[in-house]
Amino acid sequence: QVQLVESGGGSVQPGGSLRLSCAASGNRFRINGMGWYRQAPGKQRELVAAITSDGRSNYSDSVKGRITISSDNAKNAIDLQMNNLKLEDTAVYYCNARITRFGLSSDYWGQGTQVTVSS
């Protein structure tokens, strides 16, 4: 099986920083890309940042300049460094991985970790 394990969520004041981590575990799979999405109450789930296996990254316009995604392919893991957090960053953050296993590509999701930005 394949599992995504998330860590790093919590509460922070505006302007603060958090780092989210996600690692995929299992066997006989290839990761095509990984990323972080978020969903705030009453809103659709949206992309925060994603990175492909060859190192190409993309970001939501709302987080550009404040958030950096990085990957460690050997560990099948990604980090999301979030700086200068704003109230509107409050959401449940979900790790995503697009994985090919036995010739089939599927999206896998973590269970979600809460990020709360409040004063």
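No experiment lies behind these values; they were computed from the predicted model shown.
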Hphob cluster co-occupancy, I67 + V92, side-chain heavy atoms under 4.5 angstrom: no
Flag if over 12 foreign heavy atoms under 6.0 Å of CD, Q111: no
Pairwise distance CG(N58) to NZ(K64) - rounded to 0.5 angstrom: 8.5 Å
Interatomic spacing from CD1 in I99 to CG in N76 - rounded to 0.5 Å: 8.0 Å
Side-chain donor/acceptor of R38 to backbone N/O of T90, under 3.5 Å: no
R66, CZ atom: more than 12 neighbouring heavy atoms under 6.0 Å: yes
Check: G112 main-chain N/O paired with E6 side-chain donor or acceptor under 3.5 Å: yes
Minimum heavy-atom distance between S71 and I51, given as atom pair plus value: OG-CD1, 3.6 Å
Nearest atoms (heavy-atom pairs only) where Q114 meets T116: NE2-OG1, 3.3 Å
Gap between atom OG of S53 and atom CG of N73 - 0.5 Å precision: 6.5 Å
Residue pair S62 / S60, side-chain donor-acceptor N/O under 3.5 Å: yes
Under 3.5 Å, side-chain donor or acceptor atoms of residues 10-21 against the rest of the protein: list the pairs with distances, not counting sequence neighbours.
{"unit_1": "S17", "atom_1": "OG", "unit_2": "N83", "atom_2": "OD1", "d": "2.9"}
{"unit_1": "S21", "atom_1": "OG", "unit_2": "D79", "atom_2": "OD1", "d": "2.8"}

Minimum-distance pair of heavy atoms, taken over all atoms of G110 and L4: N-CD1, 3.7 Å
Sequence neighbours excluded, every pair satisfying disulfide (SG to SG under 2.5 Å) that has a member inside residues 81-119: C22-C95
Closest approach of Q39 to Q44 (non-hydrogen atoms, all atoms of both residues): CG-C, 4.2 Å
Residue pairs, two or more places apart or on separate chains, that pass ring-ring contact (aromatic ring centres under 6.0 Å, His included) and touch residues 14-46: Y37-W109
Separation of L80 CG from M34 CE (nearest 0.5 Å): 11.5 Å
Greater than 12 external heavy atoms within 6.0 Å of E88's CD: yes
Cluster check L47, Y108: I/L/V/M/F/W/Y, side chain < 4.5 angstrom: no
Closest non-hydrogen atom pair, T100 against S105: OG1-OG, 2.7 Å
D89/K86 salt bridge by N-O under 4.0 Å criterion: no
hydrophobic_cluster_shared for V48 and Y94, side chain cutoff 4.5 Å: no
